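The block underneath contains the structure these notes are about, expressed in structure tokens.
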Amino acid sequence: MAIATAAALLAALGGALWLATRRLVGPRGQRLRGGPDRGLMKGKTVLITGANSGLGRATAAELLRLGARVILGCRDRARAEEAAGQMRRELREAVGSEPEGVGELVVRELDLASLRSVRAFCQEMLQEEPRLDVLINNAGIFQCPYMRTEDGFEMQFGVNHLGHFLLTNLLLGLLKNSAPSRIIVVSSKLYKYGDINFDDLNSEQSYSKSFCYSRSKLANILFTKELARRLEGTNVTVNVLHPGVVRTNLGRHIHIPLLVKPLFNLVSWAFFKTPAEGAQTSIYLASSPEVEGVSGRYFGDCKEEELLPKAMDESVARKLWDISEVMVGIVK
Ligand SMILES: NC(=O)c1ccc[n+]([C@@H]2O[C@H](COP(=O)([O-])OP(=O)(O)OC[C@H]3O[C@@H](n4cnc5c(N)ncnc54)[C@H](OP(=O)(O)O)[C@@H]3O)[C@@H](O)[C@H]2O)c1
Ligand SMILES: *[C@@H]1O[C@H](CO)[C@@H](O)[C@H](O)[C@H]1NC(C)=O
């Protein structure tokens, strides 16, 4: 009995040690880029949606360090101002007595679940921002219960795809005038389980929260493909990425039983990326000279990756584009 207990304890200890080692010296423990390229984004204006939390926030903090004027497009001004204040403080601590070369943060209200809000936001952008060099469509909602946007769209499709579809279209003129400029779309590997079911884009016949998330992330990729085609020859590029599995607030609608929480926390600590790690591909696509002129591609861990055929279907991409125009009321 005592031997069995001792063995179990030893096994648990060994497991914990292994996890900690993996965490600290594994690939995710490697030091992030930092330092020499400060000033790389000087003079550039970047808009990041959902920049008060998780990946968006980590992306904003790094582009700020690189010298950009970073606009945080967020639905809750108080949460965004708080995040901005904290980012400024953290940067000040990091750069110490040599703050020259760092950029600035600007908070603007943007609720992607409201076409009215998207339009108002873009109008303000066009009036007040002389240029836009990088647009990062990052905000997202994950596996929420059935909900509708202000305009009656299923929430995940409405926010992750349609809100960003309208936003991008309304800012396209500004991006073209600022060329060479870049659009970056944050999708997910879970696109693989999605499908663009044109007969029920609003999920009125049936709703599956996981299917609808995957569908919205597949829509992000098809949108990127079609937009890249439309932007050929403009010097505006658009690429899409998956960040990996990252410890953020994205799982807020997922219920984890209280007893399982410590185990979940341990596993996520050991195996999930930190937001700063997960944001590396967004930062790379937004700032690296290596991807200048590259467009219509899918990236993970700062490298191009292959897509399933369903994410490259040109006729589905075109049809989705046309229907999205009608849904958000873009008149030509
Ligand atoms: N975390 C992962 O493992 C993972 C994996 C694959 C892909 N992704 C993608 O990464 C992106 C960022 O997610 P995250 O992991 O950083 O999650 P997060 O911490 O929950 O951040 C999501 C951001 O989106 C914002 N947002 C949600 N609904 C919005 C709306 N209606 N209007 C404007 N902003 C809205 C949130 O604002 P509030 O704070 O106000 O709610 C928040 O700022 C998402 O597109 C997600 O699909 C994440
Ligand atoms: C795109 O950039 C190239 C190289 O800088 C330039 O020669 C060309 O005129 C640009 N095209 C447009 C449409 O701005």
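Keep in mind that this is a model prediction, so the values were computed, not measured. Atoms within each ligand, like the ligands themselves, are counted from 1 in listed order.
- The aromatic rings of Phe223 and Trp321 sit parallel to each other, their planes meeting at less than 30°, with 60° as the upper class boundary.
- Residue Val245 approaches ligand 1 through these ligand atoms, each under 4.0 Å from one of its heavy atoms: 3 (O).
- For Glu128, the CD atom sits in a packed shell: over 12 heavy atoms of surrounding residues, nucleotides or ligands are nearer than 6.0 Å.
- Using a 4.0 Å heavy-atom cutoff, Ala58 is absent from the residues neighbouring ligand 1.
- No donor-acceptor pair under 3.5 Å is formed between the side chain of Thr237 and the backbone N or O of Ser295.
- Residue, atom and distance of the protein heavy atom nearest to atom 16 (O) of ligand 1 are Leu55 N, 2.8 Å.
- The closest approach between Arg252 and ligand 1 falls below 4.0 Å for a heavy atom of the residue.
- Within a 4.0 Å radius of atom 7 (O) of ligand 2, the protein has no heavy atom.
- Close contacts of ligand 1 with Gly54, meaning ligand atoms under 4.0 Å from a residue heavy atom, involve 16 (O), 19 (O).
- Heavy-atom contacts from other residues, nucleotides or ligands closer than 6.0 Å to CD of Glu204 number more than 12.
- Tyr213 approaches Ser216 most closely through the heavy-atom pair O-OG, 2.7 Å.
- The ring-ring contact (aromatic ring centres under 6.0 Å, His included) with Tyr146 is formed by just one residue from the set Tyr207, Phe157, Phe153; it is Tyr207.
- Under 4.0 Å from ligand 1, the heavy atoms of Lys217 that appear belong solely to its side chain.
- No heavy atom of Met155 sits closer than 4.0 Å to any atom of ligand 1.
- Applying side chain to side chain contact (heavy atoms under 4.5 Å, CB included) to Ile196 and the options Asp313, Leu320, Ile323 leaves one that passes, Leu320.
- When every heavy atom of Asp133 is checked against every heavy atom of Lys44, the shortest pair comes out as OD2-CA, 3.2 Å.
- The closest non-hydrogen atom to atom 45 (O) of ligand 1, taken over Val118, Asn138, Leu250, comes from Asn138.
- Below 3.5 Å of separation, one finds an N or O of Thr248 facing an N or O of ligand 1.
- Around atom CD of Glu124, more than 12 heavy atoms belonging to other residues, nucleotides or ligands sit under 6.0 Å away.
- Of the protein's heavy atoms, Asn52 ND2, 2.8 Å lies nearest to atom 39 (O) of ligand 1.
- Every atom of ligand 1 with a heavy atom of Leu110 under 4.0 Å away is listed here by number and element: 32 (N), 33 (C).
- Considering Val185, Leu172, Val240, Val236 as possible partners of Leu227, the one that fulfils the side chain to side chain contact (heavy atoms under 4.5 Å, CB included) test is Leu172.
- Ligand 1 has no N or O atom lying under 3.5 Å from any N or O atom of Ile141, backbone or side chain.
- In this structure, Met147 is a member of the same hydrophobic cluster as Leu201, with clusters built from ILVMFWY side-chain heavy atoms closer than 4.5 Å.
- Residue Ser282 holds its OG atom at 8.5 Å from CG of Leu63, rounded to the nearest 0.5 Å.
- Under the 4.0 angstrom criterion, atom 4 (C) of ligand 2 counts as lacking any protein heavy-atom contact.
- Checking only distances, Val246 does come within under 3.5 Å of ligand 1, N or O to N or O.
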Subject >> Derivation and outcome, salt bridge (charged side-chain N to carboxylate O under 4.0 Å, His left out), residues Glu104 and Arg88 >> reply: CA-CA 8 Å; Glu104 56 180 327; Arg88 289 189 195 105; over 6 Å; no
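- Residue Ser187 is tested with Leu241, Ile221, Leu222 for a side chain to side chain contact (heavy atoms under 4.5 Å, CB included); the sole match is Ile221.
- Nearest protein neighbour of atom 41 (O) of ligand 1, counting heavy atoms only, is Arg75 NH2, 2.4 Å.
- Of the candidates Tyr191, Phe121, Phe142, Tyr213, the one placing a heavy atom closest to atom 46 (C) of ligand 1 is Tyr213.
- Looking only at heavy atoms of the protein, atom 18 (P) of ligand 1 is closest to Ser53 OG, 3.5 Å.
- The contact set between ligand 1 and Ala139, taken as ligand atoms under 4.0 Å from a residue heavy atom, comprises 24 (O), 25 (C), 26 (N), 34 (N), 35 (C), 45 (O).
- Checking only distances, Gly140 does come within under 3.5 Å of ligand 1, N or O to N or O.
- Within the set Gln143, Lys273, Gln156, Arg79, the minimum heavy-atom distance to atom 40 (O) of ligand 1 is found for Arg79.
- Counting the atoms of ligand 1 from 1 in the order shown, those under 4.0 Å from a heavy atom of Ser187 are 6 (C), 7 (C).
- Annotation: Glu304, atom CD; neighbour count of heavy atoms from other residues, nucleotides and ligands within 6.0 Å is above 12.
- A salt bridge links Glu150 and Arg116; the closest N-O separation between the charged side-chain nitrogens and carboxylate oxygens is under 4.0 Å.
- The closest approach between any non-hydrogen atom of Gly163 and ligand 1 is not below 4.0 Å.
- Below 4.0 Å from some heavy atom of Ala113 lie the following atoms of ligand 1, by number and element: 31 (N).
- A salt bridge links Arg215 and Glu154; the closest N-O separation between the charged side-chain nitrogens and carboxylate oxygens is under 4.0 Å.
- Against a heavy-atom cut-off of under 4.0 Å, Asp111 is close to the following atoms of ligand 1: 30 (C), 31 (N), 32 (N).
- Of the protein's non-hydrogen atoms, Pro243 CG, 3.7 Å is the one closest to atom 8 (N) of ligand 1.
- For the pair Gly233 and ligand 2, a heavy-atom separation below 4.0 Å is found.
- Taking atom 9 (O) of ligand 2 as the reference point, the nearest protein heavy-atom neighbour is Asn235 ND2, 4.8 Å.
- On a distance-only criterion, Gly73 and ligand 1 share no N/O pair closer than 3.5 Å.
- Both Leu162 and Leu135 belong to a single network of hydrophobic side chains, linked directly or stepwise wherever heavy atoms of I, L, V, M, F, W or Y lie under 4.5 Å apart.
- Atoms of ligand 1 lying under 4.0 Å from at least one heavy atom of Ser188, given by number and element, are 6 (C), 7 (C).
- Not close to ligand 1: Cys74, with no non-hydrogen atom less than 4.0 angstrom away.
- Both Val294 and Ile283 sit in one connected hydrophobic cluster of ILVMFWY residues. Membership requires side-chain heavy atoms under 4.5 Å apart, directly or through other members.
- In terms of protein heavy-atom proximity, atom 5 (C) of ligand 1 is nearest to Gly244 O, 3.1 Å.
- Some N or O of Leu112 is nearer than 3.5 Å to an N or O of ligand 1, by distance alone.
- For atom 9 (C) of ligand 1, the nearest non-hydrogen atom from the set Asn220, Val186, Ile136 belongs to Val186.
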